[in-house]
Number of protein chains: 2
Amino acid sequence: MASKITAPTIDDVARQAGVSISTVSRVLNRTVPVSDEIVAKVQAAMRDLRYTPRAAARTLATARTNTLGLVLAELVGDFFSPLLHGIESVAVQNGYDLLISTAGRRGPHNQLPHSFDKHNADGLLIFAGCLNDDGVRDIHSLGVPMVLLHQMPPDNLPIPCVTIENKAATRALVEHLIVRHQRTRILLLTGEPGNEDGYWREMGYREALERYNLPTRAELIAPGHFDRRIAQATMERILRERISFDAVFTGDDEAAVGVYAALRAASLRIPEDVAVVGFDDQSLAQVLQPALTTVHVPIKQVGIQATHSLIQLLQGKQPEALTLLPTTMILRSSCGC
Amino acid sequence: MASKITAPTIDDVARQAGVSISTVSRVLNRTVPVSDEIVAKVQAAMRDLRYTPRAAARTLATARTNTLGLVLAELVGDFFSPLLHGIESVAVQNGYDLLISTAGRRGPHNQLPHSFDKHNADGLLIFAGCLNDDGVRDIHSLGVPMVLLHQMPPDNLPIPCVTIENKAATRALVEHLIVRHQRTRILLLTGEPGNEDGYWREMGYREALERYNLPTRAELIAPGHFDRRIAQATMERILRERISFDAVFTGDDEAAVGVYAALRAASLRIPEDVAVVGFDDQSLAQVLQPALTTVHVPIKQVGIQATHSLIQLLQGKQPEALTLLPTTMILRSSCGC
DNA sequence: GTATATTATGAAAGCGGTTTCAGAAACCGC
DNA sequence: GCGGTTTCTGAAACCGCTTTCATAATATAC
């Protein structure tokens with residue numbers, strides 16, 4: 001009468017198949033040869049009972065969770081979806097589950113999100129902006145395998161890092177503005193302080209100006225923070241202050257949206273009055289009018305690479321210390337092309 | 001010399017604190033009063049050893065994973081990020097981790113993604129398009145707690161479902177086109193067959209036409225599949241066939257992008273020649289030129305509600321069987337307003 | 001002051017798998 | 001036909017925690 005409340009365990013399967021649990025475990029894991037006849041019996045029993053091994057029991061016995069932990073700053077933005085997509089695909093391919101967690105908004109922390117205290121994942125994928133240097137050092141000293149995304153490890157710690165080529169691409173983009181479109185007063189919208197992508201993009205910008213002997217004017221460098229509202233506010237201020245400029249490197253595509261809005265409100269034409277270029281090639285870059293000239297970032301590839309590196313680490317191999325994924329300039333119409 | 005390879009266990013803590021492991025467990029879980037003095041000793045020992053309980057051991061002992069499983073069709077699209085954000089926030093608030101998995105692309109399956117065989121999560125959040133009715137029935141018959149998102153349970157099974165109000169909103173939007181902007185030949189771009197959101201939107205569209213005695217013409221109903229490329233191809237075909245229309249309900253915002261592109265290529269003006277309206281109010285709706293009139297969907301709220309319902313279920317409570325979240329029309333300029 | 005109710009703590013039995021180790025059975029060469 | 005391998009299978013220990021149950025210590029009632 002009492003319906004079977006509890007799910008079947010390995011014991012049930014063993015009993016039904018008339019073998020020992022060791023044998024069931026062996027056909028489960030194919031770790032040691034088992035005679036065909038017994039394999040058949042056991043598999044039949046498993047099917048009958050709709051048996052599924054308890055992951056926790058396995059984990060306890062093997063000390064492996066088969067789970068990868070992904071730590072993100074915040075689940076917003078357009079690039080986050082392809083990134084996750086890349087990570088997920090590699091994870092499942094290799095038999096790993098994916099545990100997701102956010103580090104909470106206000107800035108890099110020195111602690112992992114509580115849930116991750118280490119024993120929930122075999123390894124960690126840590127995105128920039130989640131953990132500060134102290135945090136990274138700390139987790140690393142605990143011996144937790146991890147790879148950093150868009151963030152370099154402190155102290156040259158041997159932690160694999162995968163990120164993208166920012167500087168050269170920005171430089172090429174800015175030089176394009178200078179050479180091809182004769183722009184000389186190019187506004188730079190910076191990323192948040194501490195953001196490495198933003199740092200390198202600024203370096204690329206400076207190098208381009210230097211190369212063509214253009215002065216780096218302080219009033220032409222202002223915060224954009226990769227955020228459309230902040231970028232818009234900054235642009236409005238700059239227009240209000242009548243600072244003169246003929247082009248904007250917005251830092252990223254998201255900020256470009258704010259720039260477009262501010263320029264449109266001021267009745268300035270893109271690209272005739274002001275050339276605008278972004279970075280990331282998010283899907284909205286093609287939607288903007290005029291279509292945004294930007295730099296394509298292989299963000300899905302970042303996820304794929306990082307996950308591969310982490311899995312290599314877990315297999316005891318030595319992954320590339322630094323993977324720098326190439327970016328490519330995408331010329332559309334907002335620069336004047 | 002040999003550095004401590006293995007992480008400390010509860011035994012180590014007990015030994016260091018000079019108490020039994022039962023006591024350590026009790027201060028860990030505050031399940032039973034423990035004298036202040038001993039609590040202090042144990043906590044000191046935990047801190048010293050940097051002890052963290054092994055999640056797997058806990059799970060095995062308690063039969064609870066403290067993990068919620070999220071099953072998605074595919075990690076693409078703009079609305080996916082806020083959804084996840086909502087889910088994540090409620091999950092962590094209640095002490096749950098989040099395990100993510102995708103069901104793979106080609107259509108609803110009747111099996112869960114392999115990783116989820118059941119024992120990895122206390123309950124499941126299942127998004128539309130992942131599991132077909134057989135799959136849902138099957139998982140439900142196994143007694144796995146779950147809630148469905150944007151998909152109704154088959155056979156009136158008592159599975160909580162949270163989704164959004166599609167029909168009335170669509171009807172209001174289409175009626176707006178008819179009444180306010182005198183449109184009479186309104187093109188409908190449908191969702192994928194089997195997509196419930198698409199189904200109800202189509203119902204709303206039909207009701208609106210009916211209400212105003214406008215004929216429902218077969219040639220004005222065509223596939224959009226909530227996909228910008230498919231929508232664009234469909235629009236191009238319709239323009240080529242010289243089917244006459246004065247407005248488009250694109251089904252969702254993503255499809256609207258394709259519609260905009262096709263109309264622009266044909267030199268048709270929005271909204272003068274053709275009014276265009278979408279659904280979802282994704283962030284790109286404001287970026288499009290002209291800004292897209294659409295219906296705001298509280299997608300983050302869907303995630304929050306669904307997660308709440310699931311947690312209630314896990315606590316043995318009886319959540320709302322059906323949560324229908326309200327949607328609101330957002331008038332911008334693409335309809336003529 | 002003893003008998004009884006009320007604690008706080010410890011010993012030990014699981015939870016459901018994996019894995020070591022030893023034994024049984026089948027195979028081999030001579 | 002027998003010792004020695006080689007295979008396959010089973011018993012039992014173990015992974016690290018929770019939880020029941022018993023016990024020692026203390027408080028309460030009479």
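Order of the sequence lines sets the chain letters (A, B, ...), proteins ahead of strands, with each chain counted from 1.
Spacing between atom CZ of A:R26 and atom C1' of D:dC8 amounts to 8 Å, rounded to whole angstrom units. Straight-line distance from the CG atom of B:L60 to the P atom of D:dT18: 11 Å, rounded to whole Å. If you measure from atom CG of A:D11 to atom P of D:dG10, you get 13 Å, rounded to the nearest angstrom. The CD1 atom of A:I10 sits 16 Å away from the P atom of D:dA12 (whole-angstrom rounding). To the nearest angstrom, C1' of D:dT9 lies 12 Å from CD of A:E37. Between the C1' atom of D:dT18 and the CG atom of B:L28 lies a distance of 10 Å, rounded to the nearest Å. Rounded to an integer number of Å, the gap from B:R54 CZ to D:dT18 C1' is 15 Å. Taking atom CE on B:M46 and atom C1' on D:dC17, their separation rounds to 14 Å, with Å as the unit.
Both B:T62 and B:P33 lie near DNA chain C, and the one whose nearest nucleotide falls closer to the 5' end is B:P33. The nearest heavy atom of DNA chain D to B:R58 and to A:V19 marks one nucleotide each, and the one closer to the 5' end goes with A:V19.
With a heavy-atom cut-off of 4.0 Å to chain B, the contacted part of DNA chain C has its first and last nucleotide at C:dA8 to C:dG16.
A:Q93 CD: more than 12 foreign heavy atoms inside a 6.0 Å radius.
In this structure, the side chain of B:Q151 does not engage the main chain of B:N132 through any donor-acceptor pair within 3.5 Å. A side-chain donor-acceptor contact under 3.5 Å links B:E196 to the backbone of B:M152.
When Watson-Crick and G-U wobble pairs are counted only if both distances are under 3.5 Å, D:dC2 pairs with C:dG29.
B:T23 and B:S20 form a side-chain donor-acceptor contact under 3.5 Å, judged by distance and modelled atom types alone. Side-chain N/O atoms of B:N29 and B:R58 include a donor and acceptor closer than 3.5 Å.
Of the listed nucleotides (D:dC8, D:dT18, D:dT9), D:dT9 has the atom at the smallest distance from the side chain of A:T23.
When heavy atoms are screened at a 4.0 angstrom cut-off, B:I21 is found touching base atoms of the nucleic acid. Residue A:S22 is in base contact, counting any heavy-atom pair closer than 4.0 Å across all strands shown. As judged by a 4.0 angstrom heavy-atom cut-off over every strand, A:S25 is placed among the base-contacting residues.
Between A:S20 and D:dG10 there is a side-chain N or O to OP1 or OP2 distance below 4.0 Å.
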Under the criterion salt bridge (charged side-chain N to carboxylate O under 4.0 Å, His left out), I'd like the reasoning laid out for B:R50 against A:D138: C-alpha separation, chi angles, the key distance, then a yes or no. CA-CA 11 Å; B:R50 312 194 66 181; A:D138 199 46; 2.9 Å; yes
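A:L325 and A:P298 make their closest contact through CB-CG, 4.0 Å (heavy atoms, listed as atom of the first residue, atom of the second, distance).
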